[in-house]
Every structure is written in C-alpha cells, then in structure tokens.
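See structure below.
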Amino acid sequence: HIEPQTNVNFSISVGTRVPREVHFHPLPTEIVTVYPDWRGYEFFLARGEIIVVNPRTMEIVAVLPA
C-alpha cells in the first residue's frame, strides 16, 4: 500500500523537476513490462494519478491514471 503525496506544490506535468523531499517508490514490474524504457524509474502517487519519474534527472516522464 502506497500513500499518496498530499503536499504537492509543483506542476504535475511531463518535464517538471520534482523536489527532492518527494518520496519515490520503484516502478512495478507490470508497468515496466508495458514500458521497458522505464526500467529503473520510480513513481509517486498524487491527485489520483501515478507520476513516473526519471530518478537521474528528477523529471516527470509520464502521468498515468491510478
């Protein structure tokens, strides 16, 4: 069970850099199977969406419905 981020004071859109204080989780294998380029990426939940982040650049790469 993953708790959603509640204090999101930045834009949830592709290309936005995510602040370091946001807690990420490893991307589930089910998503990596569909999007193999995202192997090693992480995510967090916010506003009812799955926010996929490249941990090297801290940028949002996708916003998926939860």
Side-chain angles (χ1 to χ4, degrees):
H1 180 73
I2 295 179
E3 290 295 318
Q5 297 287 318
T6 55
N7 189 17
V8 177
N9 56 1
F10 54 91
S11 174
I12 300 289
S13 59
V14 172
T16 299
R17 285 189 182 261
V18 178
R20 293 232 174 249
E21 56 268 12
V22 174
H23 182 71
F24 301 127
H25 305 277
L27 208 53
T29 53
E30 297 84 16
I31 294 177
V32 174
T33 300
V34 177
Y35 301 99
D37 290 346
W38 293 352
R39 186 173 311 283
Y41 284 17
E42 298 180 336
F43 79 100
F44 65 96
L45 298 177
R47 301 178 187 155
E49 297 174 308
I50 300 168
I51 317 303
V52 182
V53 177
N54 179 333
R56 289 174 283 294
T57 64
M58 300 296 288
E59 289 182 2
I60 295 173
V61 297
V63 179
L64 307 173

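For reference, positions follow the sequence shown, starting with 1. Quick note: numbers below take in every heavy atom, side chains included, and nothing from hydrogens, waters or symmetry partners.
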Checklist outcome for this item: Rounding to 0.5 Å, atoms CD1 (Ile31) and CD1 (Ile50) come to a distance of 4.5 Å
Next on the checklist: Phe43 vs Ile2, test: side chain to side chain contact (heavy atoms under 4.5 Å, CB included). Steps then yes/no.
Outcome noted: CA-CA 10 Å; Phe43 79 100; Ile2 295 179; 3.3 Å; yes
Checklist entry - Is there a path from Val34 to Val53 through hydrophobic residues (I, L, V, M, F, W, Y) whose side chains come within less than 4.5 Å of each other? => result no
Item to check | Shortest non-hydrogen contact from Ala46 toward Val8 | outcome: CB-CG2, 3.9 Å
Checklist entry - Parallel under 30°, tilted from 30 to 60°, perpendicular over 60°: which one fits the rings of Tyr41 and Trp38? => result parallel
Item to check | From OG1 (Thr16) to CE (Met58), nearest 0.5 Å | outcome: 12.5 Å
Checklist entry - Distance-only, no hydrogens or angles: does the Thr33 side chain make a donor-acceptor pair with backbone N or O of Thr29 under 3.5 Å? => result yes
Checklist entry - Leu27 versus Tyr35: any side-chain heavy-atom pair under 4.5 Å? => result no
Checklist entry - With a 4.5 Å limit on heavy-atom distance, are the side chains of Pro55 and Phe24 in contact? => result no
Checklist entry - In Å and rounded to the nearest 0.5 Å, what is the CZ to OG distance from Arg17 to Ser11? => result 14.0 Å
Item to check | side-chain contact (heavy atoms from CB on, under 4.5 Å) partner of Val52, chosen from Val61, Ile60, Val14 | outcome: Val61
Checklist entry - Honestly curious: do Phe44 and Val63 fall in one hydrophobic cluster under the side-chain, below-4.5 Å linking rule? => result yes
Next on the checklist: Rounded to the nearest 0.5 Å, what separates atom CD1 in Ile12 from atom CD in Glu49?
Outcome noted: 7.5 Å
